[in-house]
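A quick note: this is a predicted structure, and the numbers were derived from the prediction, not measured.
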Amino acid sequence: SEILWKCRNRPFMIVKMMGAVVAKFYGDDKKMAKKYGVTKDTTFFQSMTYTTAMSTERNVLEQTLSIYCDLLGACERIVLST
């Protein structure tokens, strides 16, 4: 929380922190396996289905973060121009 209070642009820092959480969660194979119920008995088709679901889910989150960045940038330009 100290980093957040010391930074100049808090909204962008929050988006960066949210991005780090997404990257950490989707980078942890054990958490992903637990979330989707992957076991040693998982078939090839099931694993491909899980992989597709994970990549789609992560893509949606990354697009949302990108939209947040665009909106925050637009708000910053409005504030600076008035």
Side-chain angles (χ1 to χ4, degrees):
S1 66
E2 272 186 48
I3 295 171
L4 185 60
W5 291 115
K6 290 180 181 179
C7 75
R8 289 185 58 207
N9 194 336
R10 288 188 193 120
F12 277 114
M13 179 58 84
I14 291 170
V15 173
K16 279 181 72 174
M17 293 169 90
M18 289 167 51
V21 168
V22 169
K24 185 174 182 176
F25 180 74
Y26 285 95
D28 189 348
D29 294 336
K30 290 181 183 177
K31 285 184 182 178
M32 289 283 86
K34 184 178 179 182
K35 178 180 178 181
Y36 285 97
V38 177
T39 63
K40 293 178 183 177
D41 299 328
T42 302
T43 65
F44 178 74
F45 179 74
Q46 288 172 322
S47 68
M48 290 292 98
T49 304
Y50 297 148
T51 303
T52 303
M54 284 186 273
S55 64
T56 302
E57 194 174 278
R58 183 174 183 168
N59 189 25
V60 168
L61 289 170
E62 289 174 349
Q63 286 176 352
T64 303
L65 290 175
S66 177
I67 291 168
Y68 284 161
C69 285
D70 293 343
L71 291 174
L72 290 172
C75 291
E76 187 175 1
R77 286 188 294 279
I78 290 169
V79 168
L80 293 176
S81 67
T82 56

Taking atom OH as the centre, does Y26 end up with more than 12 heavy-atom neighbours from other residues, nucleotides or ligands that are less than 6.0 angstrom away? yes
Spell out, yes or no, whether [X] and [Y] are grouped together once hydrophobic residues are joined by side-chain heavy atoms under 4.5 Å, including indirect joins.
X: M18; Y: F25; answer: yes
X: L61; Y: V21; answer: no
X: I14; Y: V22; answer: yes

**Item:** E57 and K35, any side-chain heavy atoms less than 4.5 Å apart
**Value:** yes
Nearest 0.5 angstrom please: [X] [atom1] to [Y] [atom2], how far?
X: M48; Y: T43; atom1: CE; atom2: OG1; result: 10.0 Å
X: D70; Y: C75; atom1: CG; atom2: SG; result: 11.0 Å
X: T49; Y: M54; atom1: OG1; atom2: CE; result: 10.0 Å
X: M32; Y: T51; atom1: CE; atom2: OG1; result: 11.0 Å
X: N59; Y: T64; atom1: CG; atom2: OG1; result: 9.0 Å

Identify the heavy atoms of [X] and [Y] that sit nearest to each other, and give their distance.
X: Q46; Y: D41; value: OE1-O, 4.3 Å
X: S47; Y: T42; value: N-CG2, 3.8 Å
X: L65; Y: G19; value: CD1-CA, 3.4 Å

K31 meets the salt bridge (charged side-chain N to carboxylate O under 4.0 Å, His left out) criterion, sequence neighbours left out, with none
ring-ring contact (aromatic ring centres under 6.0 Å, His included) filter on Y36, not counting sequence neighbours, yields Y50
